[in-house]
**Student:** 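Just passing along the structure, written as structure tokens.
Numbers restart at 1 for each chain; the letters A, B, ... are given by sequence-line order, proteins then strands.
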Amino acid sequence: MDVSELIDGLNDKQREAVAAPLQNMLVLAGAGSGKTRVLVHRIAWLMQVEHASPYSIFAVTFTNKAAKEMRSRVEETIKSSVGGMWIGTFHGLSHRILRAHYRDANLPEAFQILDTDDQVRMIRRLLKAMNIDEKKWPAKQIAWYISARKDEGTRPKDIQAYDINEQLLLKVYTAYQEACDRAGLVDFAEILLRCFELLQQHPTLLRHYQQRFRYMLVDEFQDTNSIQYQWLKLLAGTENTMMIVGDDDQSIYGWRGAKIENITRFVGDFNAETIRLEQNYRSTATILKASNALIENNAERMGKSLWTEGSEGEPISVYAAFNELDESRFVASKIRSWLNAGNKLDHSAILYRNNAQSRVLEEALLQEGLKYRIYGGMRFFERQEIKDALAYLRLISNRQDDAAFERVINTPARGIGDKTLSHIRDCARNESMPLWYAAKAIVEEKHLSGRAATAISRFVEVVEKLDDSITELELAEQAQLTIEQSGLLAMYQAEKGEKGRARVENLEELISACGQYDLPIDEDFSSPLQGFLAYTSLESGEGQADEHEDAVQMMTLHSAKGLEFPLVFMVGVEEGMFPSQQSHEESGRLEEERRLCYVGMTRAMEKLYISHAESRRLYGQEKHHSPSRFLRELPDDCVEEIRIKTQVSRPAASGRFSPSVTHAVFEDSGYTLGQRVLHAKFGAGTVLNYEGSGAQSRIQVNFDDVGSKWLVTAYARLQAM
DNA sequence: CTCTGCGCACTTTTT
DNA sequence: GTGCGCAGAG
């Protein structure tokens, strides 16, 4: 391939980054400025011009999706397979190193990954055993604390607990870590920390990796936390060069430990050159202008302003909805017209602040007959029935896995209750042995009632039998046999309703996922099962669903990062929702919310709608919110308020209401309403009341088609009749 | 031991 | 409005 092909078609700044000399570099890349393109071309450049071997390239991302995209785009560009190149997520690459050196890392060969849910359950069990009141110390909060400590590289021994609260947290942290170590389990934060310590404590190993990975590239650097930063720094050593790409304005994960400061810290620590990519290839000039204006309200910025050569485009439409139903119908009707105008649903997206908001939207889309796809929420491998099946497989692959044992010892119900279980737990704690072996010991010592003993023996037998018969089989057959023999299938088949059926289907899908799984040849797994189990923990199972159907894309603002759509709706842009209630309280959070708004707006390529509702049912309660402050921060000339235009079915003579007006139809066309429409709605309703006359008229309308129970009342100021 | 009903709490999320 | 943990009855 000709070198010029690598830089042709790039703008000056992009070219500067791609063809930069071998040195540490920060590419400050604004939204839609072609950062992935730069990373991909840089890798190709390193190979073509600097004659870098694929083995010497190490590229890190945050999500599997980003890693996958980078890999395929590199292959497309260099027109061959990425070979020995390491492209993956922080967790994926760390995990790979841990597998390869599990002994040095003090882990059993069959160590498994504990996800957030498992982690909380584990802590809950410990709290019970330690007699700690869960009301006062929610397991979730403690899990949060532990992860936060690990994210900053802090072990229990590094903590000085001054007050009783800290002391208690420390005690649980210590106990939790011991339990994990005994069971051969690592949580997500542990993967990174363990890998970091492994390299730090084994200089030969570290040197090996340092000498191999001469060229490091990191995406979305604004999202790195402390341990990730230290890990990169360690691997880079003094010889290697690193290119990081990031955007401080798109840092939206501060709440889970991401440090924007890492960008500036990198520039200092690594003596890096900075290149700014500010030309945007995605959005209209109007959308960019508004986004720039918004983000300028943040004080802590490195400074950057996006520009485009593209056209001005349409103004941003702001819609004041009466309530969330009205808002949803508005969105659905706009998408309907967009579809009817010959566009693809795929190219439209609805973005919201939290997942609970998707429900009403779904209903409106359904009513409008529009297909949709929701991203996020419960992922495939996190579903209850899937985790049950996986727990059996984990226990088969590692008898020490206490978390898996606890999960399935009595699933399906086989008569092993609390009493028997606490007996097993006591025995395990006293002898410091895994629950599995404690259970076996108890049965042999005959300390148990006949019924419980038989139940445990049956359970032990099922697992051991599966382990014996399984190893020869294909992975999918292993899974199938496990699901059947464990009794899980029967249990979920017996479950009535739509739910039960869906669960059985999911179990079947798990079997087919096993069939499709390819064991990576260059990673160190002792068996396909072990590889598959790691895969289910590290890849949450996104992409199982049918991505090919044309559908409206629905997701939270957080999960929209990195994506783009011609048509974007941001809904629920109200004080208390967005920015969220909680962000008012903590300092710095408001700026993060504003960055989130910036991220949302810059997803839009052609047209952006922003809506807010006057009134909204939240957690079963009616709430009234004012429009978000972010709306006021948008320049007037970029925004158009959508005015509901009204028709009255029997208009009063001479532009006035009269008692003879009994019915009003609100549509998307017709007359203009006053400059500030407080309440508006589509559909028809009965006029209850009116006041004033002519342009100052107000009508009160009841809409009874909304729900059987409550009537919606709309006030509208009519300008012309 | 297991099932049913009540009370509580509830951002954002990838790994 | 929903899901989950816990308490009391079967």
Side-chain angles (χ1 to χ4, degrees), chain A residues 60-67 88-95 113-121 124 127-128 134-135 138-141 144 147 150-151 186-193 195 220 223-225 227-228 251-258 324 351-357 359-360 375-379 381-382 384 410-421 449 451-452 455 499 534-542 555-562 572 576-586 589 592-593 595-597 599-600 616-622:
Chain A
V60 198
T61 63
F62 272 85
T63 65
N64 289 303
K65 201 167 152 199
T89 63
F90 280 95
H91 291 87
L93 298 177
S94 298
H95 174 256
I113 298 159
L114 208 60
D115 73 16
T116 319
D117 186 57
D118 300 330
Q119 192 182 15
V120 172
R121 281 162 183 269
R124 193 167 286 145
L127 292 177
K128 262 188 204 133
E134 241 200 274
K135 289 261 151 55
K140 240 179 163 175
Q141 233 166 288
W144 187 267
S147 298
K150 290 189 180 185
D151 283 346
V186 294
D187 58 47
F188 288 127
E190 184 74 22
I191 295 176
L192 301 175
L193 182 52
C195 180
E220 306 272 23
D223 291 336
T224 53
N225 62 28
I227 194 68
Q228 287 160 343
S251 164
I252 54 176
Y253 287 108
W255 51 275
R256 66 172 201 218
E324 80 277 14
L351 311 181
Y352 34 82
R353 180 64 180 81
N354 64 42
N355 284 307
Q357 290 173 263
R359 222 194 170 86
V360 229
Y375 290 80
M378 190 52 100
R379 264 161 286 274
F381 293 124
E382 284 167 14
Q384 179 191 309
N410 200 32
T411 312
R414 45 171 73 85
I416 300 168
D418 243 6
K419 226 173 132 204
T420 317
L421 248 172
S449 73
R451 225 174 59 191
K499 241 182 196 158
Y535 162 80
T536 60
S537 309
L538 288 171
E539 298 216 22
S540 35
E542 200 67 70
M555 65 197 80
T556 61
L557 287 150
H558 280 91
S559 28
K561 193 169 72 155
M577 296 279 290
F578 188 30
S580 73
Q581 198 59 60
Q582 292 89 329
S583 66
H584 292 223
E585 286 137 34
E586 272 172 86
R589 299 298 289 277
E592 184 154 308
E593 293 282 307
R595 290 194 291 270
L596 189 57
C597 186
V599 166
R616 177 183 297 277
R617 267 178 102 73
L618 222 95
Y619 305 128
Q621 279 219 310
E622 198 88 7

**Student:** Return the value, rounded to whole Å, for the distance between atom CZ of A:R589 and atom P of B:dT13.
**Tutor:** 13 Å
**Student:** Can you pull the contact range of chain A along DNA chain C, 5' to 3', using atoms under 4.0 angstrom from its heavy atoms?
**Tutor:** C:dG1 to C:dC6
**Student:** Should the pair A:F381 and A:Y535 be assigned to parallel (<30°), tilted (30 to 60°) or perpendicular (>60°) ring geometry?
**Tutor:** perpendicular
**Student:** Round to a whole Å and report the spacing from CH2 of A:W255 to P of B:dT13.
**Tutor:** 7 Å
**Student:** What nucleotide among B:dC10, B:dT14, B:dT15 has an atom nearest to a side-chain atom of A:R379?
**Tutor:** B:dT14
**Student:** Please classify the nucleic acid contact of A:E592 as base, sugar-phosphate, or nothing, using heavy-atom distances under 4.0 Å.
**Tutor:** nothing
**Student:** Within the structure, does a side-chain N or O atom of A:N354 lie under 4.0 Å from either OP1 or OP2 of B:dT13?
**Tutor:** no
**Student:** Hey, does the side chain of A:Y619 come within less than 4.0 Å of B:dT11's phosphate (OP1/OP2), counting only N and O?
**Tutor:** yes
**Student:** Report yes if at least one side-chain N or O of A:N355 is closer than 4.0 Å to OP1 or OP2 of B:dT13; otherwise report no.
**Tutor:** yes
**Student:** How is A:R414 classified with respect to the nucleic acid when contacts are heavy atoms under 4.0 Å: base, sugar-phosphate, or nothing?
**Tutor:** sugar-phosphate
**Student:** Given the structure, check if the side chain of A:R353 and the base of B:dT12 hold any donor-acceptor pair shorter than 3.5 Å.
**Tutor:** yes
**Student:** Give me syn or anti for B:dT11, where syn covers glycosidic angles within 90 degrees of 0.
**Tutor:** syn
**Student:** Is there a donor N/O on one and an acceptor N/O on the other, under 3.5 Å, for the side chain of A:R256 and the base of B:dT14?
**Tutor:** yes
**Student:** Consider the side chain of A:S580, meaning its heavy atoms from C-beta on, and name the nucleotide among B:dT11, B:dT12, B:dT2 that approaches it most closely.
**Tutor:** B:dT11
**Student:** Would you mind reading off the distance between A:E220 atom CD and B:dT13 atom P, rounded to a whole angstrom?
**Tutor:** 15 Å
**Student:** Please give me the minimum heavy-atom distance between A:F90 and A:L192, naming the atom from each residue.
**Tutor:** O-CD2, 3.7 Å
**Student:** In whole Å, I'd like the distance from the CG atom of A:L538 to the P atom of B:dT15.
**Tutor:** 9 Å
**Student:** Could you give the CZ-to-P distance, from A:R359 to B:dT11, as a whole number of Å?
**Tutor:** 15 Å
**Student:** Given B:dT15, B:dC1, B:dT14, identify the nucleotide with an atom nearest to the side chain of A:K419.
**Tutor:** B:dC1
**Student:** Would you mind reading off the distance between A:L557 atom CG and B:dT14 atom P, rounded to a whole angstrom?
**Tutor:** 13 Å
**Student:** Between B:dT15, B:dT2, B:dT12, which nucleotide gets closest to the side-chain atoms of A:E382?
**Tutor:** B:dT15
**Student:** Does A:K561 reach a base, just sugar-phosphate, or nothing at all? Heavy atoms under 4.0 Å.
**Tutor:** nothing
**Student:** What residues, two or more places apart in sequence or in another chain, satisfy side chain to side chain contact (heavy atoms under 4.5 Å, CB included) together with A:P412?
**Tutor:** A:Y392, A:R414, A:L488, A:M491
**Student:** Does a side-chain N or O from A:N64 land closer than 4.0 Å to OP1 or OP2 of B:dT15, or not?
**Tutor:** yes
**Student:** On a plain distance test, is the side chain of A:T116 in donor-acceptor contact with the base of B:dT15 below 3.5 Å?
**Tutor:** yes
**Student:** Considering just the side-chain nitrogens and oxygens of A:T556, establish if one lies under 4.0 Å of OP1 or OP2 belonging to B:dT13.
**Tutor:** yes
**Student:** For A:R616, check salt bridge (Lys or Arg N to Asp or Glu O under 4.0 Å) against everything at least two apart and list the hits.
**Tutor:** A:E327, A:E574
**Student:** According to a strict under-4.0 Å criterion, is A:T420 in side-chain N/O contact with OP1 or OP2 of B:dC1?
**Tutor:** yes
**Student:** What's the CG-C1' distance between A:D118 and B:dT14, to the nearest Å?
**Tutor:** 15 Å
**Student:** Ring-on-base stacking between A:F62 and B:dT14, under 5.5 Å between centres and under 30° between planes: is it there?
**Tutor:** no
**Student:** OP1 or OP2 of B:dT14 versus the side-chain N and O atoms of A:T63: is any pair under 4.0 Å?
**Tutor:** no
**Student:** To the nearest 0.5 Å, what is the distance between CD1 on A:I191 and NE2 on A:H95?
**Tutor:** 6.0 Å
